[in-house]
Trainee: 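Just dropping this structure here.
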Protein chains: 2
Amino acid sequence: MRKNKIERLKADGWKVGSAEDFLQLSDEEARLVALKLSLISAVKKSRIKRKLSQIDLAQRMKSSQSRIAKIEAGDPSVSLDLIVRALIASGATTRDIQVAFTTN
Amino acid sequence: MRKNKIERLKADGWKVGSAEDFLQLSDEEARLVALKLSLISAVKKSRIKRKLSQIDLAQRMKSSQSRIAKIEAGDPSVSLDLIVRALIASGATTRDIQVAFTTN
DNA sequence: GCAGTGTATGTCAGAAATGACATATTCGCA
DNA sequence: TGCGAATATGTCATTTCTGACATACACTGC
């Protein structure tokens with residue numbers, strides 16, 4: 001998918017894979033990853049603070065224990081959506097979420 | 001999926017569909033939606049501020065114009081991941097993102 | 001009028017994320 | 001030590017999201 005896109009862009013005369021482009025992309029990717037990590041850490045903190053087990057939290061948000069474990073382990077298969085859902089379900093306040101975004 | 005889950009939970013003896021449960025869920029869902037809306041508005045602001053067309057932004061983040069349009073239209077098929085990606089790619093600063101989270 | 005530029009909407013095949021499950025591992029605590 | 005609870009890891013069918021494309025609509029200046 002990504003590769004096809006790149007091939008197509010190249011065919012269309014785009015400069016693809018230049019150093020600037022690469023660095024730009026990785027920087028944006030890095031920012032997203034940093035954000036996720038920060039939120040993940042907030043999820044764990046919030047869950048522990050409220051003395052919830054992963055099973056408790058999973059039930060609250062109609063997910064499964066293994067998903068919660070994956071969230072907290074930073075598994076790449078976990079979306080930002082699910083992380084934020086977990087954060088909300090864990091009882092984090094709006095302020096807690098803001099702080100998570102700030103600590104990053 | 002959701003329905004099956006509910007049936008299963010019922011079969012397992014869970015109380016499902018009680019008023020508290022319903023309100024709780026909708027409240028959490030509402031918070032997520034509010035967050036998304038706030039970020040969506042930030043994407044559009046940031047894009048316009050930097051005088052980028054939807055096509056420009058799409059190229060920056062290797063997406064497509066129609067996806068950007070859907071992001072800004074609040075299309076339900078758009079994930080939080082993509083919204084935040086767009087926000088970052090549009091040139092929003094970390095502070096801009098924090099503010100978006102705050103304004104909600 | 002109508003050409004150009006930007007945005008919106010619908011569709012779809014392929015990719016990614018999800019819940020569920022089985023099973024393993026870790027961690028107290030008696 | 002061993003037992004139970006909590007957490008981690010791997011897999012997979014199904015659901016959801018994605019980029020791409022076509023095409024429609026909106027607006028501006030000619």
Side-chain angles (χ1 to χ4, degrees), chain A residues 1-12 14 16 25 29 32-33 36 39-41 43-90, chain B residues 1-12 14 16 25 28-29 32-33 36 39-41 43-87 89-90:
Chain A
M1 168 71 41
R2 179 87 142 214
K3 233 173 203 162
N4 291 346
K5 184 82 197 283
I6 290 177
E7 289 315 306
R8 198 179 54 73
L9 286 173
K10 278 187 179 164
D12 288 352
W14 288 92
V16 176
L25 277 182
E29 192 60 26
L32 187 61
V33 170
K36 281 195 182 185
L39 290 169
I40 283 170
S41 142
V43 167
K44 190 155 193 174
K45 270 202 191 95
S46 176
R47 179 178 69 78
I48 301 293
K49 185 176 175 186
R50 271 106 181 157
K51 299 190 200 303
L52 298 173
S53 67
Q54 291 184 343
I55 293 180
D56 294 335
L57 180 53
Q59 283 174 171
R60 280 193 180 209
M61 57 186 286
K62 315 261 187 226
S63 180
S64 61
Q65 180 270 326
S66 59
R67 269 289 130 208
I68 306 295
K70 274 158 193 159
I71 290 174
E72 296 185 355
D75 189 292
S77 81
V78 175
S79 72
L80 189 54
D81 281 83
L82 198 65
I83 297 172
V84 172
R85 263 179 227 282
L87 197 47
I88 292 174
S90 75
Chain B
M1 167 69 40
R2 178 84 145 217
K3 229 171 206 165
N4 291 345
K5 183 85 199 282
I6 289 178
E7 289 314 306
R8 199 181 53 74
L9 286 173
K10 277 187 179 165
D12 288 352
W14 288 91
V16 175
L25 277 181
E28 290 172 357
E29 192 60 25
L32 187 62
V33 169
K36 282 193 180 185
L39 291 169
I40 283 170
S41 141
V43 167
K44 190 155 194 176
K45 272 202 190 97
S46 177
R47 179 178 69 78
I48 300 293
K49 185 177 176 185
R50 285 156 240 266
K51 302 190 198 302
L52 298 173
S53 67
Q54 291 184 342
I55 292 180
D56 293 335
L57 179 53
Q59 281 174 174
R60 282 194 180 208
M61 57 186 288
K62 316 257 187 231
S63 180
S64 61
Q65 179 270 328
S66 58
R67 270 288 130 208
I68 306 296
K70 274 158 192 158
I71 290 173
E72 297 186 355
D75 189 291
S77 81
V78 175
S79 73
L80 188 54
D81 281 83
L82 198 66
I83 297 172
V84 172
R85 262 181 228 280
L87 196 46
S90 75

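In this text the structure is predicted, and so the values were computed from the model without any measurement. Residue numbering restarts at 1 for every chain, and letters A, B, ... go by the order of the sequence lines.
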Trainee: Does A:Arg85 have any salt bridge (charged side-chain N to carboxylate O under 4.0 Å, His left out) partners at least two apart in sequence or in another chain, and if so, which?
Mentor: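 Testing A:Arg85 for salt bridge (charged side-chain N to carboxylate O under 4.0 Å, His left out), a comparison that skips the adjacent residues, returns B:Glu29.
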Trainee: Of all the choices, D:dT18, D:dG19, C:dG19, which nucleotide is nearest to the side chain of B:Ser77 once you look at every atom?
Mentor: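 Within the option list, the nearest is D:dT18.
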Trainee: With sequence neighbours excluded, what pairs up with B:Lys70 under the salt bridge (charged side-chain N to carboxylate O under 4.0 Å, His left out) test?
Mentor: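 Partners of B:Lys70 by the salt bridge (charged side-chain N to carboxylate O under 4.0 Å, His left out) criterion come out as none, since no residue qualifies.
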Trainee: Take the protein atom CG of B:Asp75 and the nucleotide atom P of D:dG19, then report the distance between them rounded to whole Å.
Mentor: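 In whole Å, D:dG19 P and B:Asp75 CG are 13 Å from each other.
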Trainee: What is the distance, rounded to the nearest whole Å, between atom CD1 of B:Ile83 and atom P of D:dC17?
Mentor: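 Computing the B:Ile83:CD1 to D:dC17:P distance gives 11 Å.
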Trainee: Report all interatomic pairs (protein N or O, nucleotide N or O of nucleotides 5-13 of chain C) with separations under 3.5 Å.
Mentor:
residue, atom, partner, partner atom, Å
C:dT7, OP1, B:Arg47, NH1, 3.0
C:dT7, OP1, B:Arg47, NH2, 3.4
C:dT7, OP2, B:Gln54, N, 2.7
C:dA8, OP2, B:Gln54, NE2, 2.7
C:dA8, N7, B:Gln65, NE2, 3.0
C:dA8, N6, B:Gln65, OE1, 3.1
C:dG10, N7, B:Lys70, NZ, 3.3
C:dG10, O6, B:Lys70, NZ, 2.9
C:dT11, O4, B:Lys70, NZ, 2.9

Trainee: Considering residues at least two apart in sequence or located in another chain, which fulfil the side-chain hydrogen bond (donor to acceptor under 3.5 Å, both in side chains) criterion with B:Lys44?
Mentor: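 B:Lys44 satisfies side-chain hydrogen bond (donor to acceptor under 3.5 Å, both in side chains) with no other residue.
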Trainee: For nucleotides 25-30 of chain C, which of its nitrogen or oxygen atoms have a protein nitrogen or oxygen under 3.5 Å away, and what is each distance?
Mentor:
none

Trainee: Kindly write out the residues that satisfy side-chain hydrogen bond (donor to acceptor under 3.5 Å, both in side chains) with B:Ser79, not counting sequence neighbours, or none if the list is empty.
Mentor: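 By the side-chain hydrogen bond (donor to acceptor under 3.5 Å, both in side chains) rule, B:Ser79 matches no residue at all.
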Trainee: Where do A:Arg60 and B:Glu28 land on the salt bridge (Lys or Arg N to Asp or Glu O under 4.0 Å) test, with the steps shown first?
Mentor: CA-CA 10 Å; A:Arg60 280 193 180 209; B:Glu28 290 172 357; 5.3 Å; no
Trainee: Measure the distance from CG on A:Leu80 to P on C:dA16 and round it to the nearest whole Å.
Mentor: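 The distance from CG of A:Leu80 to P of C:dA16 comes to 17 Å, rounded to the nearest Å.
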Trainee: OP1 or OP2 of C:dA17 versus the side-chain N and O atoms of A:Ser79: is any pair under 4.0 Å?
Mentor: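 It does not, given that no N or O in the side chain of A:Ser79 lies less than 4.0 Å from OP1 or OP2 of C:dA17.
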Trainee: Could I get the full list of side-chain contact (heavy atoms from CB on, under 4.5 Å) partners for B:Ile55, not counting sequence neighbours?
Mentor: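 Listed in chain order: B:Ser53, B:Gln59, B:Gln65.
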Trainee: List the atom of B:Val43, the atom of B:Ile83, and the distance in Å for their closest heavy-atom pair.
Mentor: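 Closest approach of B:Val43 to B:Ile83, heavy atoms only: CG2-O, 3.6 Å.
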Trainee: Can you check the A:Leu57 CG to C:dT18 P distance for me, whole Å?
Mentor: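 Result: 14 Å.
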Trainee: Holding to side-chain contact (heavy atoms from CB on, under 4.5 Å), I want the full list of residues that pass it with A:Ser41, two or more places apart in sequence or in another chain.
Mentor: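 Residues passing side-chain contact (heavy atoms from CB on, under 4.5 Å) with A:Ser41: A:Lys45.
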